[in-house]
Visitor: 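Have a look at this one before I ask anything.
By convention here, the first residue in the shown sequence is residue 1.
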Amino acid sequence: GDTPDGLRINLDCGATHFQPLQQAVLREKANLGIAFDGDGDRVIFVNSKGEVFNGDCILAALAFHWKEKGILQGPVVTTVMANFGLEQALQSRQIAMVRTPVGDRYVLEEMLRLNANLGGEQSGHIILLDHGVTGDGCLTALQILKVLVESGKTLDDLSTLVQEFPQLLVNIPVQNKKRMQQDKEIRKAIQLEEMKLKGRGRILVRPSGTEPLVRVMAEGPDAKELEEVVARVAKTIEMRLR
């Protein structure tokens with residue numbers, strides 16, 4: 001990725017394809033690796049074991065450190081795609097979390113509304129409102145390195161803050177995705193599964209913004225249970241919208 005020609009942004013490198021970085025960190029026996037995306041607003045880390053340290057982990061590390069220093073304001077704002085493990089990690093430290101639709105614009109709007117100074121997405125797009133209103137991968141990287149210096153911890157240590165839950169996503173082709181919100185049977189099926197996962201996981205059902213699909217995503221501690229949850233909701237959606 002060090003010979004740019006303007007045609008291969010994010011191609012097999014950076015924050016969207018971090019496998020070369022993982023290999024380099026292991027090969028060089030480095031403490032950590034840092035990957036940015038093509039326009040530099042996202043950052044993803046890799047710890048010394050080659051494990052990915054994504055946006056959820058970044059938010060947890062900054063939130064915990066900032067709370068200890070007394071500089072965390074408001075809740076941590078993230079999107080519906082954030083792993084349930086992040087929510088549990090923040091709850092364990094009495095830090096509130098608010099979810100928004102996918103997109104940094106929605107994260108920023110909610111941060112401004114709630115006077116929060118930390119928010120972002122699992123992709124590594126982090127907004128540090130004390131410093132600016134847009135994602136800045138270099139700034140976020142420096143903030144994580146600052147946490148390491150001030151705490152005396154390694155990135156391996158910070159990698160234990162969020163215990164990611166298994167996640168299952170299924171895309172269901174439909175004839176009319178707009179009908180999903182008004183369909184009582186679909187809403188009932190989703191509510192039943194939400195009750196079963198309450199406190200242990202979550203289910204997210206949303207129409208695709210660009211394709212004739214409904215996306216069903218479930219998170220929880222038991223991968224087998226997630227398969228059953230998603231299958232039941234998917235079956236209802238197929239029956240009602242195909």
Side-chain angles (χ1 to χ4, degrees), residues 52 54-60 63 74-111 113-114 116 118-125 127 162-242:
V52 175
N54 63 18
D56 288 347
C57 300
I58 292 170
L59 288 174
V76 173
V77 180
T78 185
T79 76
V80 293
M81 296 309 295
N83 193 275
F84 188 67
L86 171 62
E87 188 171 333
Q88 285 210 324
L90 294 174
Q91 285 179 351
S92 73
R93 303 290 183 97
Q94 289 76 54
I95 299 173
M97 186 180 105
V98 173
R99 295 182 185 269
T100 74
V102 174
D104 58 290
R105 60 171 287 192
Y106 300 111
V107 172
L108 177 60
E109 287 174 1
E110 196 70 357
M111 290 175 71
R113 189 179 75 83
L114 298 173
L118 178 61
E121 300 182 270
Q122 192 179 71
S123 63
H125 193 142
I127 299 175
V162 176
Q163 302 298 318
E164 287 198 338
F165 278 51
Q167 186 181 88
L168 180 62
L169 173 65
V170 173
N171 295 319
I172 307 162
V174 296
Q175 292 293 327
N176 187 350
K177 61 186 178 183
K178 294 180 180 179
R179 281 177 40 214
M180 189 195 81
Q181 306 291 356
Q182 289 77 40
D183 193 290
K184 293 181 180 179
E185 292 300 317
I186 293 176
R187 291 208 309 268
K188 182 179 177 181
I190 295 170
Q191 289 168 357
L192 283 173
E193 302 306 332
E194 285 175 336
M195 290 173 59
K196 293 173 185 174
L197 290 172
K198 189 173 182 180
R200 301 182 302 111
R202 67 187 182 110
I203 182 168
L204 173 66
V205 182
R206 64 188 183 96
S208 166
T210 57
E211 301 175 87
L213 301 171
V214 172
R215 307 190 195 281
V216 180
M217 188 273 287
E219 287 178 338
D222 187 336
K224 177 64 176 175
E225 181 184 23
L226 296 183
E227 291 179 8
E228 296 170 354
V229 166
V230 169
R232 286 191 291 265
V233 174
K235 183 178 180 180
T236 302
I237 291 172
E238 288 171 349
M239 289 172 57
R240 303 292 296 178
L241 298 186
R242 275 189 173 176

Visitor: What is the minimum heavy-atom distance between Gly120 and Val107, and which atoms define it?
Guide: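 Nearest heavy atoms, Gly120 then Val107: N-CG1, 3.6 Å.
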Visitor: Do the non-hydrogen side-chain atoms of Val216 and Leu169 ever get within less than 4.5 Å of each other?
Guide: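 No. Closest side-chain heavy atoms not under 4.5 Å.
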Visitor: Do Asn54 side-chain atoms and Cys57 backbone N/O form a donor-acceptor pair below 3.5 Å?
Guide: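 Yes; at least one donor-acceptor contact below 3.5 Å.
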Visitor: What residues, two or more places apart in sequence or in another chain, satisfy side-chain contact (heavy atoms from CB on, under 4.5 Å) together with Gln163?
Guide: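 Result, side-chain contact (heavy atoms from CB on, under 4.5 Å) vs Gln163: Thr160.
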Visitor: List the residues meeting side-chain hydrogen bond (donor to acceptor under 3.5 Å, both in side chains) with Asn171, not counting sequence neighbours, and say none if there are none.
Guide: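 So Asn171 forms a side-chain hydrogen bond (donor to acceptor under 3.5 Å, both in side chains) with Arg215.
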Visitor: Over all heavy atoms of both residues, which pair between Leu226 and Gly220 is shortest? Give the atoms and the distance, please.
Guide: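 Taking Leu226 first and Gly220 second, the nearest heavy atoms are CD2-N, 3.5 Å.
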Visitor: Report the residues that fulfil side-chain hydrogen bond (donor to acceptor under 3.5 Å, both in side chains) with Arg240, sequence neighbours left out, ordered by chain and then residue number.
Guide: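 Asp183.
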Visitor: Is Val76 close to Val98 at the side-chain level, that is, under 4.5 Å between some pair of heavy atoms?
Guide: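 Of all side-chain heavy-atom pairs linking Val76 with Val98, none is under 4.5 Å.
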Visitor: How close do Ala63 and Leu118 get, heavy atom to heavy atom, and via which atoms?
Guide: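 Distance-wise, the nearest heavy atoms are N-CD2, 3.6 Å.
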Visitor: Flag the pair Val214 / Val205 as yes when at least one side-chain heavy-atom distance between them is below 4.5 Å, and no otherwise.
Guide: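 They are in side-chain contact.
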Visitor: For Pro101, what residues pass the side-chain contact (heavy atoms from CB on, under 4.5 Å) criterion, not counting sequence neighbours?
Guide: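 By the side-chain contact (heavy atoms from CB on, under 4.5 Å) rule, Pro101 matches Tyr106.
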Visitor: Let me know which of Arg187, Gln182, Lys188 forms a side-chain contact (heavy atoms from CB on, under 4.5 Å) with Lys184.
Guide: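 Only one of Arg187, Gln182, Lys188 forms a side-chain contact (heavy atoms from CB on, under 4.5 Å) with Lys184, namely Arg187.
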Visitor: Mind listing the closest non-hydrogen atom pair of Thr236 and Ala189 along with its distance?
Guide: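 Minimum heavy-atom contact is OG1-CB, 3.8 Å.
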Visitor: Pairs in or reaching into residues 74-86: which pass side-chain hydrogen bond (donor to acceptor under 3.5 Å, both in side chains), with residues at least two apart or in two chains?
Guide: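 Pairs touching residues 74-86 that pass the test: Asn83-Glu219.
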Visitor: State the CG-CD distance between Asp104 and Glu121, to the nearest 0.5 angstrom.
Guide: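 Rounded to the nearest 0.5 Å, the CG-CD separation comes out at 5.5 Å.
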Visitor: Are Leu241 and Gln175 side-chain neighbours, meaning at least one heavy-atom pair lies under 4.5 Å?
Guide: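 No, side chains not in contact.
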Visitor: Locate the shortest heavy-atom distance separating Ala116 from Val77; write the atom from each residue and the value.
Guide: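 Heavy-atom minimum between the residues: CB-CG2, 4.1 Å.
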Visitor: Which is it for Arg206 and Val102 under the side chain to side chain contact (heavy atoms under 4.5 Å, CB included) test, yes or no, and what are the steps along the way?
Guide: CA-CA 11 Å; Arg206 64 188 183 96; Val102 174; 4.3 Å; yes
Visitor: What are the two closest heavy atoms between Lys177 and Ser208, and how far apart are they?
Guide: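 Looking at all heavy atoms of both residues, the closest pair is NZ-O, 2.6 Å.
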Visitor: For residues 86-93, dump all side-chain donor-acceptor pairs below 3.5 Å to protein atoms at least two apart in sequence or in another chain.
Guide:
unit_1	atom_1	unit_2	atom_2	d
Glu87	OE1	Arg99	NE	3.4
Glu87	OE1	Arg99	NH2	3.0
Ser92	OG	Ala89	O	2.5

Visitor: Quick one: ring pair (Phe, Tyr, Trp, His ring centres under 6.0 Å) pairs with a partner in residues 222-242, sequence neighbours left out?
Guide: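 Ring pair (Phe, Tyr, Trp, His ring centres under 6.0 Å) check on residues 222-242 returns no pairs.
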Visitor: Given side chain to side chain contact (heavy atoms under 4.5 Å, CB included), test Arg202 with Met217 step by step and report yes or no.
Guide: CA-CA 8 Å; Arg202 67 187 182 110; Met217 188 273 287; 3.4 Å; yes
Visitor: Using a strict 4.0 Å threshold on nitrogen-to-oxygen distance, state whether Glu225 and Arg200 make a salt bridge.
Guide: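 Salt bridge between Glu225 and Arg200, a charged N being under 4.0 Å from a carboxylate O: yes.
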Visitor: Do the side chains of Met97 and Pro75 get nearer than 4.5 Å, heavy atoms only?
Guide: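 A side-chain contact is absent here, since even the closest heavy-atom pair is not under 4.5 Å.
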Visitor: Mind running side chain to side chain contact (heavy atoms under 4.5 Å, CB included) on Val233 and Ile237 for me, showing each step along the way?
Guide: CA-CA 6 Å; Val233 174; Ile237 291 172; 3.8 Å; yes
Visitor: Test: ring pair (Phe, Tyr, Trp, His ring centres under 6.0 Å). Region: residues 206-242. Which pairs qualify, not counting sequence neighbours?
Guide: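 Found none.
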Visitor: Among residues at least two apart in sequence or on other chains, which ones pass salt bridge (charged side-chain N to carboxylate O under 4.0 Å, His left out) with Arg113?
Guide: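 If we apply the salt bridge (charged side-chain N to carboxylate O under 4.0 Å, His left out) test to Arg113, skipping adjacent residues, the hits are Glu110.
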Visitor: What residue pairs, at least two apart or across chains, pass ring pair (Phe, Tyr, Trp, His ring centres under 6.0 Å) with a residue in residues 162-221?
Guide: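 The answer is Phe84-Phe165.
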Visitor: To the nearest 0.5 Å, how far apart are NE2 in His125 and CD1 in Ile58?
Guide: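 Output value for this atom pair is 11.5 Å.
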Visitor: Quick one: ring pair (Phe, Tyr, Trp, His ring centres under 6.0 Å) pairs with a partner in residues 203-240, sequence neighbours left out?
Guide: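 For residues 203-240, and leaving out neighbouring residues, there are no ring pair (Phe, Tyr, Trp, His ring centres under 6.0 Å) pairs at all.
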Visitor: Are Leu204 and Met81 packed together at the side-chain level, in the sense that at least one heavy-atom pair is separated by less than 4.5 angstrom?
Guide: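 Yes, side chains in contact.
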Visitor: Which donor-acceptor pairs under 3.5 Å do the side chains of residues 190-199 make with protein atoms, sequence neighbours left out?
Guide:
unit_1	atom_1	unit_2	atom_2	d
Glu193	OE1	Arg232	NH2	3.1
Glu193	OE2	Arg232	NE	2.8

Visitor: Report yes if some heavy atom in the side chain of Glu227 is under 4.5 Å from a heavy atom in the side chain of Leu168; otherwise report no.
Guide: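 Yes. Closest side-chain heavy atoms under 4.5 Å.
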